[in-house]
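Here the structure is a predicted model, which is why all the values come from computation and not from measurement.
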Amino acid sequence: MPDTTPTDADLNAMDITDAEAAEMNRIAHPMVAGADTDAVSDLVTIEATPDGAVFITINRPDKKNAFDARTIGALYQAFETLHGADHIRVVFIRGAGGTFSAGADLSWMAAAADWSESDNRSDAMGLAKMLKALHDVPALTVALVEGAAMGGGAGIVAACDMAVAVKGTKFAFSEVKLGLIPATIAPYVVEAVGARRARALFLTGNVFDADYAAHVGLVDAVVPDAAALDGFISHLSGTLAACAPGAMGEAKRLVHDVAHHKIDHSLMEDTAHRIARARVSKEGQEGVRAFLDKRKPRWAE
């Protein structure tokens, strides 16, 4: 009888075939990974430019940037570091080697097949905390997506403020093909595409391309090739140079806090307090004075 055990290549493929799904359905492990405080830094690289741009790269090209515990831990650490970074306007997130992320490292998941529900719950909090850390980065976060973004990889795309994808990039939330659900990424995907689209994407597990991802709101723009990403980065970075870093962070928190909130007296008071505080802040004072003096504010020089 032939050996039907999936190879590492099978397990880290861009999509999950019906045969692989049948084999992997025995795994009682979500498509997540736990944060490891001893994460090796070369799994995630961070580069910064003088004009306030940061590039975070998932650096497992041999595994198509699939997640394992150490990679999740390294991403969490990177995002947490940016919470207190001054003068950062934009954070670009990408994968090394032409693929954004194939999702969870399925060979690593297979090793955890015998974990208890309690162990799985603790482990799942790793990805949940990493995604929340990304979501709460004060700067504008932008996913640069090429090749594929599957499962948790697509969850990272959804957790970013913006995303641009190379034409032909493949996306999927294939968890149901393993008898699983995209639980920890769901809040970000639902926020990005809406509940109705999320139901269709989650329940079918179908692969879709960059154009459809733009249609449903998972990505904001589609570019013709990977080279065009450089032009997008340059244009966006130049646009953001005119924006005050502190005000950008406050504007992002404003959106988080007022989204789906009833417009009542409490919200009116809160928003009035926010703009009053902004007007007397150092950035607010400098920005208005620069405008009246017909000069650039200090942060844009």
> Can you tell me how far CD1 of Ile93 sits from SG of Cys160, rounded to the nearest 0.5 angstrom?
Replying inline: 3.5 Å

> Does the pair His261 and Thr271 meet the rule for a side-chain contact (heavy atoms from CB on, under 4.5 Å), with working shown?
Replying inline: CA-CA 12 Å; His261 195 293; Thr271 54; over 6 Å; no

> Nearest heavy-atom pair of Val44 and Ala74: which atoms, and what distance?
Replying inline: CG2-CB, 3.6 Å

> By side chain to side chain donor-acceptor pair (under 3.5 Å), which residues pair with Asp230, not counting sequence neighbours?
Replying inline: none

> Centres of the Phe232 and His235 rings: under 6.0 Å?
Replying inline: no

>> When you measure from the side chain of Arg94 to the backbone of Phe55, do you find a donor-acceptor pair of N or O atoms at a distance under 3.5 Å?
In response: no

> Should Lys63 and Asp68 count as side-chain neighbours, where that means a heavy-atom distance under 4.5 Å?
Replying inline: no

> Mind checking whether Ile88 and Phe79 sit in one hydrophobic cluster, side chains of I, L, V, M, F, W, Y counted as touching below 4.5 Å?
Replying inline: yes

> Any chain of hydrophobic side-chain contacts (each under 4.5 Å) joining Met162 to Val137?
Replying inline: no

> With the 4.5 Å side-chain cut-off for hydrophobic clustering, are Val142 and Val157 part of the same group?
Replying inline: no

> Is a side-chain N or O of Asp209 found less than 3.5 angstrom from the main chain of Lys170, in a donor-acceptor match?
Replying inline: no

>> Are the side chains of Arg279 and Ile275 in contact, using a 4.5 Å heavy-atom criterion?
In response: yes

> Got a second to check how far Arg60's CZ is from Asp42's CG, nearest 0.5 Å?
Replying inline: 10.5 Å

> Which atom names give the shortest non-hydrogen contact between Thr204 and Leu201, and what distance separates them?
Replying inline: OG1-O, 3.7 Å

>> I'd like to know whether CD1 of Ile263 has more than 12 heavy-atom contacts from other residues, nucleotides or ligands below 6.0 angstrom.
In response: no

> Atom OG1 of Thr71 and atom CG of Leu127: how far apart are they, to the nearest 0.5 Å?
Replying inline: 11.5 Å

Which donor-acceptor pairs under 3.5 Å do side chains of residues 143-152 form with protein atoms, sequence neighbours excluded?
none

> Is it true that Asp293 and Arg295 have a side-chain N and a carboxylate O under 4.0 angstrom from each other?
Replying inline: yes

> So, are Asp211 and Lys167 salt-bridged, with charged N and O less than 4.0 Å apart?
Replying inline: yes

> Should Val176 and Leu203 count as side-chain neighbours, where that means a heavy-atom distance under 4.5 Å?
Replying inline: no

>> Salt bridge check, Asp257 against Arg274: does any charged N sit closer than 4.0 Å to a carboxylate O?
In response: yes

>> If you compare all heavy atoms of Val193 against all heavy atoms of Ala198, which two are closest, and at what distance to 0.1 Å?
In response: CG2-N, 3.7 Å

>> Does His256 have more than 12 heavy atoms from other residues, nucleotides or ligands lying within 6.0 Å of its NE2?
In response: yes

>> In this structure, would Val222 and Val166 fall into the same cluster of hydrophobic residues linked by side-chain contacts under 4.5 Å?
In response: no

> Where do Gly155 and Phe173 come nearest, in terms of heavy atoms and distance?
Replying inline: N-CE2, 4.3 Å

> Would Ser101 and Ile156 count as a side-chain contact (heavy atoms from CB on, under 4.5 Å) if you check the C-alpha gap in whole Å, the side-chain angles of each, and the deciding distance to 0.1 Å?
Replying inline: CA-CA 9 Å; Ser101 175; Ile156 287 183; 6.0 Å; no

> Which heavy atom of Val219 sits nearest a heavy atom of Ala210, and at what distance?
Replying inline: CG2-O, 3.9 Å

>> Tell me if a side-chain donor or acceptor on Lys252 pairs with a main-chain N or O of Ala139 at a distance below 3.5 Å.
In response: yes

> How far apart are the closest heavy atoms of Tyr188 and Ala128, and which atoms are they?
Replying inline: OH-O, 4.3 Å

>> side-chain contact (heavy atoms from CB on, under 4.5 Å), that's the test. Do Ile46 and Val54 meet it? Break it down for me.
In response: CA-CA 7 Å; Ile46 306 179; Val54 171; 3.8 Å; yes

> Which word best sums up how the rings of Phe208 and Tyr212 line up, parallel for under 30°, tilted for 30 to 60°, or perpendicular for over 60°?
Replying inline: perpendicular

> So, does Arg197 use its side chain to make a donor-acceptor pair with the main chain of Val216 at under 3.5 Å?
Replying inline: no

>> For the CD atom of Glu269 and the CG atom of Asp264, what is their distance to the nearest 0.5 Å?
In response: 9.5 Å

>> Determine whether a donor-acceptor pair (N or O, by modelled atom type, separation under 3.5 Å) exists between the side chain of Asp161 and the backbone of Thr141.
In response: yes

> In terms of heavy-atom contacts, does CD of Glu117 have more than 12 from other residues, nucleotides or ligands at under 6.0 Å?
Replying inline: no

>> Please report the interatomic distance NZ(Lys129) to CD(Glu80), rounded to the nearest 0.5 Å.
In response: 10.0 Å

>> Can you see whether Thr57 engages Asn59 through a side-chain donor-acceptor pair at a distance of less than 3.5 angstrom?
In response: no

> Between Asn65 and Thr99, is there a donor-acceptor pair closer than 3.5 Å when you use the side chain of the first and the backbone of the second?
Replying inline: yes

>> With rounding to the nearest 0.5 angstrom, report the CG to CD1 distance, Leu178 to Ile181.
In response: 12.5 Å

> Which residue pairs satisfy the ring pair (Phe, Tyr, Trp, His ring centres under 6.0 Å) criterion with at least one member in residues 269-301, sequence neighbours excluded?
Replying inline: none

> Is His83 reaching over with its side chain to a backbone N or O of Ala133, donor-acceptor style, under 3.5 angstrom?
Replying inline: yes

> Can Leu134 and Leu75 be said to form a side-chain contact (heavy atoms from CB on, under 4.5 Å), step by step?
Replying inline: CA-CA 9 Å; Leu134 167 58; Leu75 283 167; over 6 Å; no

>> I'd like to know if Arg289 and Glu286 make a salt bridge, using a cut-off of under 4.0 Å between side-chain N and carboxylate O.
In response: no

> Shared ILVMFWY cluster between Phe202 and Phe171, side chains joined below 4.5 angstrom?
Replying inline: yes

